[in-house]
Amino acid sequence: MDTKRNVQEQFGKYANRYVTSTTHVTGEDLPMMVDWLQPHKTDKVLDIATGGGHVARTLAPLVKSVVISDLTKPMLHAASTYLKAHENVDAVVADAEELPFLDESFDSVTCRIAAHHFPNPEQFIQEVARVLKKGGAFILIDNVSSEHHEIADFYNTFEKKRDYSHQRALPISEWKSLMKHSHLQIQKQSLRKKTLSFNEWVSRMIDDEFEREGIHQMMVGADQKVKEYYEMKVEENRLMSFAIDEWMVLCTKE
């Protein structure tokens, strides 16, 4: 099956779970985004792969307009319903790697907890730079992998088992290289550990109990150094929570 069709199928099936997901609804990154962007009432914003629409809900009262885009129609419909009180939000079905917008159309572009699903991150960054006005701001927030290959491979493997539309969480060094190549200059960045409840995390994408248990066994059976890196909390041989790395970066277009 085509990679992007995988994304559409997976997220179409579970769209409403992403609207209500505590991982996506809450988070210190949303108010931090406002602080970093310092949005103006005249700004036009594009939120790529909007998911549940949480970024748009945060920014809509502060700017002129927000375009929410997503590859998956059911996801976009769920986000639009969630955002129906905001009259300055428009929804457009769009591929993050082939955006249907003119050059230099937006004052700001955002993409939160989605880029690890994109098969061609280089094209995504190029498209961001293309639709962003000169001097405009881009905020990327995403799960990132360790620069240590073994630890990175473990994360991408267990994430792929939970969600077959997952492509790869990139290390920060790779993101920085892509941004530099597209003339996006980093202004601010923040790396944090994000703690996830195992049960909520695995149940968001998998209904089958046997599959969930397989992922559980893989994680609790990991090497000690891997368990320590991901801060796995195990009680009575059951994984309660773990932590992954989340990077937030603000760039401006040169």
Apply salt bridge (Lys or Arg N to Asp or Glu O under 4.0 Å) to residues Arg112 and Asp29 and explain how you reach the verdict.
CA-CA 9 Å; Arg112 179 180 183 248; Asp29 56 330; 2.6 Å; yes
Side-chain donor or acceptor of Gln38 paired with backbone N/O of Asp35 under 3.5 Å:
yes
Polar side-chain atom of His216 near backbone of Leu239 as donor-acceptor pair, under 3.5 Å:
yes
Work out which heavy atom in Ala243 is nearest to a heavy atom in Glu231; give both atom names and the distance.
CB-OE1, 3.6 Å
Give the intermediate values and the outcome of side-chain hydrogen bond (donor to acceptor under 3.5 Å, both in side chains) for residues Asp223 and Tyr229.
CA-CA 10 Å; Asp223 291 342; Tyr229 186 87; over 6 Å; no
Glu147 and Ser173: side chain donor to acceptor below 3.5 Å
yes
Taking Asp43 for its side chain and Val45 for its backbone only, find out whether a donor-acceptor pair lies under 3.5 Å.
no
Ring centres under 6.0 angstrom apart (Phe242, Phe158)
yes
So Arg130 and Glu104, salt bridge (Lys or Arg N to Asp or Glu O under 4.0 Å) or not? Walk me through it.
CA-CA 6 Å; Arg130 182 183 65 78; Glu104 301 190 6; over 6 Å; no
Give, for atom CH2 of Trp36 and atom OG of Ser190, the distance between the pair rounded to the nearest 0.5 Å.
5.0 Å
From CE (Met219) to OG1 (Thr157), nearest 0.5 Å:
11.5 Å
Salt-bridge present (Arg168, Glu174; N to O < 4.0 Å):
yes
Go through it in stages, so that I can follow the logic: the residues are Glu228 and Lys225, the test is salt bridge (Lys or Arg N to Asp or Glu O under 4.0 Å), and I'd like the CA-CA distance, side-chain angles, deciding distance and then a yes or no.
CA-CA 5 Å; Glu228 289 174 2; Lys225 67 177 180 180; over 6 Å; no
Of the non-hydrogen atoms in Ala60 and Val66, which two are nearest, and what is the gap between them?
CA-CG2, 4.0 Å
Can you check whether Thr72's main-chain N or O pairs, donor with acceptor, with Asp70's side chain at less than 3.5 Å?
yes
For a quick check under 3.5 Å, do Gln217 and Glu213 share a side-chain donor-acceptor pair by atom type?
yes
Strictly distance-based, threshold 3.5 Å: is any side-chain N or O of Ser105 a donor or acceptor partner for the main-chain N or O of Phe101?
no
CE/Met32 to CD1/Ile139 distance, rounded to the nearest 0.5 angstrom?
8.5 Å
Asn88 backbone acceptor or donor facing Ser65 side chain under 3.5 Å:
no
Shortest non-hydrogen contact from Gln126 toward Ser182
CG-OG, 3.6 Å
Which atom names give the shortest non-hydrogen contact between Ile206 and Lys161, and what distance separates them?
CD1-O, 3.7 Å
Between Asp163 and Ser165, a side-chain donor and acceptor under 3.5 Å
yes
How long is the span from the OG atom in Ser69 to the CD1 atom in Ile48, to the nearest 0.5 Å?
5.5 Å
Using the rule side chain to side chain contact (heavy atoms under 4.5 Å, CB included), only one of Glu235, Glu200, Lys233, Met232 pairs with Ser241; which is it?
Lys233
Check the surroundings of atom NZ in Lys188: do more than 12 heavy atoms from other residues, nucleotides or ligands lie under 6.0 Å from it?
yes
Arg192 and Glu246: CA distance, side-chain angles, deciding distance, salt bridge (Lys or Arg N to Asp or Glu O under 4.0 Å) verdict:
CA-CA 5 Å; Arg192 72 180 183 115; Glu246 182 181 87; 3.0 Å; yes
Is the backbone N or O of Ala169 less than 3.5 Å from a side-chain atom of Asp142, with the two atoms forming a donor-acceptor pair by type?
no
For the residue pair Trp201 and Phe198, does the interplanar ring angle fall in the parallel (under 30°), tilted (30 to 60°) or perpendicular (over 60°) class?
tilted
Let's go through Val92 and Ile68 carefully: what are the C-alpha distance in whole Å and the side-chain angles of both, what is the deciding distance for side chain to side chain contact (heavy atoms under 4.5 Å, CB included) to 0.1 Å, and is it a yes or a no?
CA-CA 6 Å; Val92 176; Ile68 57 172; over 6 Å; no
Using side chain to side chain contact (heavy atoms under 4.5 Å, CB included), reason through Ile141 and Thr110 one step at a time and then give a plain yes or no.
CA-CA 8 Å; Ile141 302 168; Thr110 58; over 6 Å; no
Stepwise side chain to side chain contact (heavy atoms under 4.5 Å, CB included) check, Asp103 with Val131
CA-CA 4 Å; Asp103 295 0; Val131 303; 5.9 Å; no
Where Ala114 and Cys111 come nearest, the two heavy atoms and their spacing
CB-SG, 4.1 Å
N/O donor-acceptor pair under 3.5 Å between Gln167 side chain and Phe118 backbone:
no
Got more than 12 heavy atoms from elsewhere within 6.0 Å of CD, Glu254?
yes
Exactly one of Lys41, Lys253, Lys133, Lys44 clears salt bridge (charged side-chain N to carboxylate O under 4.0 Å, His left out) with Asp107, and that residue is Lys133
Is the ring pair Phe124/Phe138 parallel, tilted or perpendicular, if the boundaries are 30 and 60 degrees?
perpendicular
Can you see whether Gln185 engages Thr252 through a side-chain donor-acceptor pair at a distance of less than 3.5 angstrom?
no
Looking at Tyr82 and His77, would you say the former's side chain and the latter's main chain have a donor-acceptor pair under 3.5 Å?
no
Pair Thr50-Leu76, side chain to side chain contact (heavy atoms under 4.5 Å, CB included): steps then yes or no
CA-CA 7 Å; Thr50 194; Leu76 202 58; 3.9 Å; yes
